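A single structure is presented below for examination.
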Amino acid sequence: MSLLKTTALLPNPCSTTALSSLQCGTLLQSLSNSKSLTQAQQLHALVTTGGTLRHNTYLATKLATCYAACGHMLHAQLIFDQIVLKNSFLWNSMIRGYACNHSPTKSLVLYREMLRFGQKPDNFTYPFVLKACGDLLFRGIGRKVHALVVVGGLEENVYVGNSILSMYFKFGDVAAAQVVFDKMPMRDLTSWNTMVSGCVKNGETVGAFEIFGEMRRVGVVGDGTTLLALLSACGDVMDLKMGKEIHGYVVRNGGNGRVHNGFLVNSVIDMYCNCESISCARKLFEGLIVKDIVSWNSLISGYEKRGDAFEVLELFGRMVEGSAVPDEVTVISVLGACNQISALRLGTSVHSYVVKRGYGVNVAVGTALIGMYANCGSLICACCVFDEMPEKNLAVWTVMVTGFGIHGRGREAVSIFYEMLGTNVTPDEGIFTAVLSACSHSGLVEEGKEIFYKITRVYNVDPGPTHYSCLVDLLGRAGYLDEAYAVIESMKLEPNEDVWTALLSACRLHRNVKLAEISAQKLFELNPNGASGYVCLSNIYAAERRWKDVENVRALVKKSRLKKAPSYSFVELNKMFHQFFVGDTYHKQSDDIYAKLKDLSEQLKKAGYKPDTTSVLYDVEEEIKEKMLWDHSERLALAFALINTAPGTTIRITKNLRVCGDCHTVIKMISKLTDREIIMRDISRFHRFRDGLCSCGGYW
DNA sequence: AGCTGCCGTG
């Protein structure tokens with residue numbers, strides 16, 4: 001309804017004819033469905049000019065309710081405060097308004113005030129009070145409200161019952177929800193849907209399918225919401241078979257025949273992505289008559305999650321060319337893709353787009369930007385975005401701590417970690433992992449240990465396997481191998497693969513064969529198919545020149561058909577990506593690259609370079625080993641970059657694995673020899689080579 | 001006057 005039309009029908013408020021309460025009330029009633037603030041405000045102006053509001057509880061109540069329904073709680077509260085005689089209708093509207101507009105605390109405050117005023121809560125009050133308790137994870141208060149519901153005899157109301165279910169699911173208390181559900185005298189579709197989606201959200205996938213089965217047995221027909229939850233469940237457990245069945249069900253019944261433009265199809269795309277069937281997702285997507293923003297985002301995020309960055313960028317390009325306008329969600333996935341392939345230039349242009357469209361206020365977008373800049377080697381830009389963020393949640397702090405960590409700036413990581421503790425953000429396992437890992441990359445043993453022991457004592461968080469692996473890594477890298485081993489032995493929980501891997505790689509670094517054999521043994525027991533443990537152990541034997549043992553390990557690898565992931569490096573040049581594998585001769589500049597490397601190796605030798613061949617796995621002549629080192633992918637990428645960029649430009653290389661020890665030495669020397677800054681990102685951190693030195697200071 | 005609800009950040 002347009003306001004212009006409406007007001008034309010009404011008497012002029014400035015005229016002597018006053019607007020009747022009933023007229024305004026009906027008008028507001030219809031407006032409350034339109035959820036338009038401007039209409040409500042104009043009407044508000046209309047009635048107040050008439051001088052009717054102050055003394056008209058009926059109208060004021062209607063207006064407050066209208067504002068609350070629009071989600072404009074500030075206006076609603078102003079009017080609410082003026083009303084002397086508050087009826088239950090008004091209280092309920094306000095409690096609902098706050099609960100549904102991200103102010104659950106205010107909702108509960110008002111509920112308490114309502115009780116103090118002697119107003120009895122009813123079946124319209126409790127659903128929102130319960131919602132607020134659930135959102136705030138107020139378990140104690142939630143249970144008390146549940147008790148009051150029982151006392152008030154409202155437990156049998158289906159709306160109240162459904163809200164109780166939902167609240168217990170938010171608490172993660174599936175059993176309590178089940179008990180309530182079993183006792184419900186009447187269940188509607190929402191009750192069933194709440195059960196199904198509640199189970200899914202709590203990881204009870206089997207339970208969700210059981211409820212669905214029961215639902216069908218008693219003849220309840222599911223709707224889009226049911227299917228949505230089930231599709232999400234299929235994705236969680238990667239049950240492609242069930243997913244396809246539900247897809248069929250969606251095609252036959254779902255969305256009232258709106259399958260090709262309804263949102264359900266997007267969830268099917270998402271399901272296929274989560275079931276690692278990207279081709280099914282793609283096929284469905286391409287066949288869509290109407291591709292909305294969520295369709296695009298579902299597929300793009302699917303490619304991003306599986307690490308197909310180039311596919312993400314291609315789809316993004318297609319999207320921009322077409323009519324779809326990328327939104328915050330799109331941008332987050334695209335930034336994630338830039339992050340994966342260190343596409344700094346592209347990431348920066350996405351940042352401009354973010355600014356242009358005003359997406360920067362979104363916390364998730366800011367987080368993605370910081371992550372992109374940090375992972376593309378531009379810590380300064382990451383810091384700028386971080387500093388400018390008006391609202392910093394846990395994810396923001398975590399990504400910034402991680403960013404400092406991978407750049408070897410442990411002190412800054414620790415410092416902002418403590419800065420975060422000074423705010424009202426509560427730390428979780430994730431940020432402890434980030435700060436501990438930052439400590440280990442910088443050799444901050446004491447700081448790291450202190451934080452580790454604070455996890456339990458001060459923050460009541462139980463350290464998980466990841467924290468232990470960080471601590472072992474921290475101690476191990478710094479050479480405290482026995483202490484690291486003692487930590488593992490003291491663990492209350494079973495040490496996992498990561499813990500032993502951390503000890504094993506520390507053993508390689510400090511050449512401790514005895515502990516290496518222990519950790520490798522544990523690693524093989526935990527995962528006989530993991531290749532990295534075998535590779536690491538054979539490296540350790542090779543360093544000790546125990547070729548027989550190397551051979552034995554390699555035989556084991558062969559027998560179990562384990563394959564090490566092929567190592568590669570790449571560089572971005574004029575928005576093109578050039579990828580190099582070990583000993584790669586496919587690049588069209590291949591001859592020039594090898595010539596450049598030969599030239600560099602000679603110059604390095606004159607400067608006193610002695611190759612460290614311990615990382616070469618094969619028992620061959622020393623000379624051949626040296627030659628093999630010069631085939632490493634990071635050197636090919638570096639030579640290529642040196643040939644194709646102007647003197648003095650910074651070179652950025654990305655490698656999918658850890659940089660090898662000899663390459664590290666060589667790149668240090670080349671940075672001095674060619675007077676270049678070389679920024680190299682490997683699997684776990686950044687190395688900034690300048691003037692013969694590296695920012696990692698030997699910790700990597 | 002209500003309860004359940006697609007794609008996204010560490």
Side-chain angles (χ1 to χ4, degrees), chain A residues 29 32-33 61-62 65-66 68-69 88-97 99-100 122-128 130-131 134 157-167 169-170 187-198 200-201 222-229 231-232 235 255 262-271 273-274 292-302 304-305 327-336 339 359 362-372 374-375 389 393-403 405 428-434:
Chain A
Q29 176 98 60
S32 69
N33 301 325
T61 302
K62 282 277 182 197
T65 308
C66 179
S88 68
F89 190 97
L90 177 62
W91 284 107
N92 292 343
S93 296
M94 292 298 287
I95 290 168
R96 173 192 170 213
C100 296
D122 59 18
N123 55 320
F124 288 97
T125 323
Y126 284 120
F128 304 104
L130 291 159
K131 180 182 166 62
N157 180 287
V158 71
Y159 287 94
V160 178
N162 292 343
S163 302
I164 294 172
L165 286 182
S166 168
M167 179 186 75
F169 279 121
K170 283 174 192 160
R187 297 164 185 162
D188 63 4
L189 185 55
T190 304
S191 321
W192 289 99
N193 284 344
T194 307
M195 283 305 286
V196 174
S197 73
V200 174
K201 274 189 224 137
D223 65 354
T225 307
T226 327
L227 295 170
L228 222 51
L231 284 167
S232 155
F263 61 78
L264 265 174
V265 75
N266 295 331
S267 294
V268 178
I269 293 176
D270 186 47
M271 178 276 296
C273 291
N274 290 327
D292 69 10
I293 183 74
V294 183
S295 318
W296 283 97
N297 290 347
S298 301
L299 189 66
I300 286 178
S301 87
E304 196 267 337
K305 271 183 257 175
D327 69 356
E328 285 98 328
V329 180
T330 325
V331 156
I332 288 164
S333 292
V334 174
L335 287 170
N339 178 334
Y359 294 161
N362 182 309
V363 199
V365 172
T367 313
L369 274 171
I370 297 170
M372 180 279 292
N375 282 302
M389 282 181 78
N393 64 16
L394 189 57
V396 176
W397 289 100
T398 308
V399 73
M400 198 63 243
V401 171
T402 309
D428 71 346
E429 312 93 62
I431 196 154
F432 283 118
T433 306

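Values in this document were obtained by computation on a predicted structure and should not be read as measured data. Protein chains get the first letters and strands the later ones, always in sequence-line order, with residue 1 at the start of each.
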Check: Thr190(A) side chain, dC3(B) base, donor-acceptor under 3.5 Å: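 Indeed, a donor on one side and an acceptor on the other fall under 3.5 Å apart.
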
Under 3.5 Å donor-acceptor pair, Asn92(A) side-chain atoms to dG2(B) base atoms: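 When only heavy-atom distances are counted, Asn92(A) does not reach the base of dG2(B) through any donor-acceptor pair under 3.5 Å.
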
Separation of dG5(B) P from Leu227(A) CG (nearest whole Å):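 Atom-to-atom, Leu227(A) to dG5(B), this comes out as 15 Å.
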
Proximal nucleotide (of dT4(B), dG2(B), dC7(B)) relative to the Ser166(A) side chain: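 Out of dT4(B), dG2(B), dC7(B), the nucleotide with an atom closest to Ser166(A)'s side chain is dT4(B).
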
Sugar-phosphate, base or nothing in reach of Asn375(A), heavy atoms under 4.0 Å: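 Nothing: the residue Asn375(A), judged by heavy atoms under 4.0 Å, touches no strand.
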
Touch class at under 4.0 angstrom, heavy-atom based, for Asn362(A) against every strand present: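 Result for Asn362(A) = base.
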
Length of the line joining Tyr159(A):OH and dT4(B):P, which is rounded to integer Å: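 Atom OH in Tyr159(A) sits about 12 Å away from atom P in dT4(B).
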
Sugar-phosphate only, base, or nothing, as touched by Thr398(A) at under 4.0 Å among non-hydrogen atoms: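 If one applies the 4.0 Å heavy-atom cut-off, Thr398(A) turns out to touch a base.
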
side-chain hydrogen bond (donor to acceptor under 3.5 Å, both in side chains) assessment of Asn162(A) paired with Asp188(A): CA-CA 9 Å; Asn162(A) 292 343; Asp188(A) 63 4; 3.2 Å; yes

Nearest-angstrom distance from the residue atom CG of Leu299(A) to C1' of dG8(B):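 From Leu299(A) CG to dG8(B) C1': 15 Å.
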
Interatomic distance, Trp296(A) CH2 vs dG8(B) P [rounded to whole Å]: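 The distance from CH2 of Trp296(A) to P of dG8(B) comes to 17 Å, rounded to the nearest Å.
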
Validation row: Asn266(A), Asp270(A) side chains within 4.5 angstrom (heavy atoms):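 No - every pair of side-chain heavy atoms lies 4.5 Å or more apart.
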
Side-chain heavy-atom pair Asn297(A), Asp327(A) within 4.5 angstrom cut-off: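 The answer is yes; the side chains approach within 4.5 Å.
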
Protein-nucleotide distance (Leu165(A), atom CG; dG5(B), atom C1'), rounded to Å: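 The answer, rounded to whole Å, is 15 Å.
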
Presence of Lys305(A) side-chain N/O under 4.0 Å of dG8(B) phosphate oxygens OP1/OP2: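 For Lys305(A), the contact criterion (side-chain N or O under 4.0 Å from OP1 or OP2 of dG8(B)) is met.
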
Trp397(A)-dG10(B) aromatic stacking (under 5.5 Å, under 30°):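 Ring-base stacking flag not set for Trp397(A) and dG10(B).
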
Sugar-phosphate, base or nothing in reach of Thr225(A), heavy atoms under 4.0 Å: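 Thr225(A): base contact, heavy atoms under 4.0 Å.
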
Rounded distance in Å - CG (Leu189(A)) to P (dC3(B)):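 Rounding to the nearest Å, CG of Leu189(A) and P of dC3(B) are 14 Å apart.
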
Pairing residues for Ser333(A) by the side-chain hydrogen bond (donor to acceptor under 3.5 Å, both in side chains) criterion, not counting sequence neighbours: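 Listed in chain order: nothing, the list is empty.
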
Sugar-phosphate, base or nothing in reach of Val294(A), heavy atoms under 4.0 Å: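 Here Val294(A) touches the bases of the nucleic acid.
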
Leu228(A), nearest nucleotide to its side chain (from dC3(B), dT9(B), dC6(B)):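 Nearest listed nucleotide: dC6(B).
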
Closest listed nucleotide, where the reference is the side chain of Thr367(A) and the choices are dA1(B), dT9(B), dT4(B):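 Closest of the options to the side chain of Thr367(A): dT9(B).
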
Atom-to-atom span, CG of Asn162(A) to C1' of dG5(B) - whole angstrom: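 It is 13 Å, rounded to the nearest whole Å.
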
Nearest-nucleotide pick for Ser163(A), side chain only, options being dG8(B), dC3(B), dC7(B):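 Per side-chain heavy atoms of Ser163(A), the pick is dC3(B).
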
Identified side chain to side chain contact (heavy atoms under 4.5 Å, CB included) partner of Leu231(A) from the options Thr226(A), Val268(A), Val200(A):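 Option passing the side chain to side chain contact (heavy atoms under 4.5 Å, CB included) with Leu231(A): Val268(A).
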
For Lys170(A), all residues meeting salt bridge (Lys or Arg N to Asp or Glu O under 4.0 Å), sequence neighbours excluded: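 Salt bridge (Lys or Arg N to Asp or Glu O under 4.0 Å) check on Lys170(A) returns Asp135(A).
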
From dC7(B), dG10(B), dT4(B), nucleotide with atom closest to Leu394(A) side chain: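 Of dC7(B), dG10(B), dT4(B), dG10(B) is nearest to the side chain of Leu394(A).
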
Per Asn393(A) side chain, nearest of listed nucleotides dG2(B), dC7(B), dT9(B):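 Looking only at side-chain atoms, Asn393(A) lies closest to dT9(B).
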
Per Lys201(A) side chain, nearest of listed nucleotides dG5(B), dG2(B), dG8(B):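 Per side-chain heavy atoms of Lys201(A), the pick is dG5(B).
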
Distance, rounded to the nearest Å, where Phe128(A) contributes CZ and dA1(B) contributes C1':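 Between C1' of dA1(B) and CZ of Phe128(A): 7 Å.
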
Side chain of Pro127(A) - closest among dC7(B), dT4(B), dC3(B):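 Looking only at side-chain atoms, Pro127(A) lies closest to dC3(B).
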
No-H, no-angle donor-acceptor pair, Asp428(A) side chain to dG10(B) base, under 3.5 Å: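 Yes.
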
